[in-house]
Structure formats: C-alpha cells, structure tokens
Protein chains: 2
Amino acid sequence: MDNHKLFNKLITFTNAVYRVTEELTKEAKPNVLTQIQFDILDFIARNQPVTLSEICDCTHLSMPNASRELRKLGENDLIEKKSDVDDRRKQYIYMTSSGEKMIEDAYKLIKVNFDNRIKDISKEDLDEINYAIDKLQSKFYFDR
Amino acid sequence: MDNHKLFNKLITFTNAVYRVTEELTKEAKPNVLTQIQFDILDFIARNQPVTLSEICDCTHLSMPNASRELRKLGENDLIEKKSDVDDRRKQYIYMTSSGEKMIEDAYKLIKVNFDNRIKDISKEDLDEINYAIDKLQSKFYFDR
DNA sequence: CTCAATAGTTATCTTTTGATAATAAAATCA
DNA sequence: TGATTTTATTATCAAAAGATAACTATTGAG
C-alpha cells in the first residue's frame, strides 16, 4: 500500500462523508437562520461559554462579520452575552433556552435521518462501524 | 452499544473529518476562482464529460446560477462545451488542459499536506487506517 | 501616568450567491 | 402538425457573506 493509493482512497472517502452528512443534515437548519448563523450557534452549543474571538478563530470569520451575525442571533433571543467580571473587555456568550431548543430540535431531526440510514444494518456491522470510527478518529483525524 | 452513543460518536467524527479536510485543502483553491467555481471544476474533473443538468443535480445549484458560473469557467479557459450530436439541446462539458492543470496543481498541494500529516504514522497504523476507511465506506458511507 | 495591545462594535462597500422571470432551440408526444 | 417537455441561456433583483476603516472601552507594560 503506497501513499498515493491511500491518498486517493481518502479523497473518495471524504467525498462520501460530505455527501452522506449533507443527506443526514438536510432540512435540519431552521429557516430563520442562515447557514453561517446556524454554524455559529452550533459552535456555541458545543463549546459554551465562548468569546467572540474564539468564534472567529474557529470559523474563519473576521471580528466585524462575526459580531454582526452574533448580534442577529442575540436579536432572535438565541444567545446572550455576559461580561467577564475580571476582564470587562471580554464577553462570554451563552445559549438561551430557545437557542438550546433550536439546536436540540435540529439534532433530533438529524437523529431520525441517522436511524433511518442504519435501520437495516446488522448488529455486527454496527460494531464494525463503531470500531472503525474509533480507529480513524485516534489514528488519523486527531487534533494537534 | 446503543444507537445514541454511535450517533454522538458520528457527530464528533464528522466534525473531525471536516476540520482535518479543511486543514488539508487549505490554500489549494486558486484565487482566481470562488469556492463554488472550484467545486464545479472539481466535479467536472471527476465526472467528465457532464451536462449542465448533472452539475445542477449534484451541487444543488439552479440552472441559471450554474450556467452563470460555468460561463465564467469558460471565460477563464478552464472548461469547454461541445453539443451532443444526437440531442443538440445537450452540451457536454469537458476540462481544457489548463483546467486539468489547475485541478492537478490543487491536488498536488493537498497531497503535500497529506504526506506531512501521515509522515510520523507507522506502517502498521497506516494499514489500520486503510482498513478502517474501507469498512466505513462499504458499511456506512455507501451510495444508495 | 502614558502608550500599546486586546476585545469588541458600528458603518459602509463589494463580491458572491440565490431566486425568479422571460426567452430560445431542440426533442418528443399525441 | 401543433402542443408540450427538456436543456440551457440571459437578465434582474435580493440576500448573504466578505473586507476594511474608524471607533470605544478596557487592560497591561514600562
């Protein structure tokens, strides 16, 4: 197995992941939000509390643009900001309960799509899938 | 292993795939193209010859918008259209040699990033990665 | 205290992307 | 043959996203 074959296999695999992910997440985004707004909300949901700077680092948005989108999320009562007591320049961003609910509902729909996709897969194959994900996550898709 | 655990694992895994893919493809897109134009060019590269309708089906672009972006690719001499002899409504879209070169160069850069990422991974682990990708591709990320 | 750095906001402009209507030409159907 | 469908284009308009400059407020360093 040379690197080139593995490389090409990874390209094909990545395309498949993107295609299936799109199928699973299709229609999960609420219409009141743009894709970027939903991505930001999702990022906050899994990392809260976060600062605006952290959002910018992780989403490649500039501060002004991230600030603008965050303002819209705030206007929709999906997030709220609280000033840091120690450093009053910083704003810690939290989900509101309606923000939490919006993300929960989105994931519920994704879960339905997921259940539908695996409904005909045998227990043994699911175990293999589980094992393979662990392998890839630890051996290749790790942080650094 | 219940479905919920596997579901959550998949979400985390998908995020990791997206993050690493972005790292590997970073700066591969030529500045003369927008992301969508590059995606279309990449799609043509791996499926040529294609028709405009096929591009629309696979990229969720409307015909007018896809036609517009395709015109720009044509103006940059990256693709060319040839009418179908049997059905003269249809246009088969091909890469030009400079289009091919642009895609090749992009993948060369991605390959460099890939080689850099796996340079410290042992032969045994690479075999495991290879095996795990095959498993996931056939058991979960299949077409249908 | 002064000055630079950090965190964030507001305003503005441009580019990109998305949506829709109107059109043309060729093919198919009845 | 005439009506309908398919394939694609052009022209607009609107919305989303990206880029930049100017600004405020706070903190930290010397």
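Protein chains get the first letters and strands the later ones, always in sequence-line order, with residue 1 at the start of each. Fair warning: this is a prediction, and the values are worked out from it, not measured in the lab.
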Rounding to a whole Å, what distance do you find between A/Leu33:CG and D/dA15:C1'?
15 Å
Decide, yes or no, whether a salt bridge links B/Asp84 with B/Arg89 under the criterion of side-chain N to carboxylate O below 4.0 Å.
no
Nearest of C/dG18, C/dT17, C/dT9 to any side-chain atom of A/Pro64?
C/dT9
Give a yes or no on whether a donor-acceptor pair under 3.5 Å exists between the nucleobase atoms of C/dA19, that is its base, and the side chain of B/Asn65.
yes
Between C1' on C/dT6 and CE on A/Met63, what's the gap in Å once rounded to a whole number?
8 Å
Between A/Ser53 and C/dT6, is there a side-chain N or O to OP1/OP2 distance below 4.0 Å?
no
By the 4.0 Å heavy-atom rule, please label A/Asp84 as base, sugar-phosphate, or nothing.
nothing
Counting only side-chain nitrogens and oxygens, does B/Arg88 get under 4.0 Å of the OP1 or OP2 atom of C/dA26?
yes
Nearest-Å distance for atom pair OH/C1', residues B/Tyr92 and D/dT6:
13 Å
Provide, to the nearest angstrom, the distance between the CZ atom belonging to B/Arg68 and the C1' atom belonging to D/dA11.
11 Å
Rounded to whole Å, please give me the gap between NZ in B/Lys90 and C1' in C/dA24.
18 Å
Is the phosphate of C/dT9, meaning OP1 or OP2, less than 4.0 Å from a side-chain N or O of A/Lys81?
yes
When you match A/Glu69 and B/Arg71 each to their closest nucleotide on DNA chain D, which lands nearer the 5' end?
B/Arg71
Looking at A/Lys101 and A/Asp105, does any basic side-chain N land under 4.0 Å from a carboxylate oxygen?
yes
Answer with yes or no whether the side chains of A/Asn65 and A/Glu69 bring together a donor and an acceptor at under 3.5 Å.
no
Both A/Ile36 and A/Arg89 contact DNA chain D. Which one's nearest nucleotide lies toward the 5' end?
A/Ile36
Think A/Thr51 has a side-chain N or O under 4.0 angstrom from the OP1 or OP2 of C/dA7?
no
Is the shortest side-chain N/O distance from B/Ser67 to OP1 or OP2 of D/dT10 below 4.0 Å?
no
Pairing of B/Lys135 and A/Asp125 as salt bridge, 4.0 angstrom limit:
no
Whole-Å gap separating P (C/dA7) and CG (A/Leu70):
16 Å
Whole angstroms only, please: what is the CD-C1' distance between B/Gln91 and C/dA25?
11 Å
Using the rule that two of Ile, Leu, Val, Met, Phe, Trp, Tyr join whenever any of their side-chain heavy atoms come within less than 4.5 Å, decide whether B/Met63 and B/Phe43 are in one cluster.
yes
How many whole angstroms separate atom CD of B/Gln37 from atom P of C/dG18?
12 Å
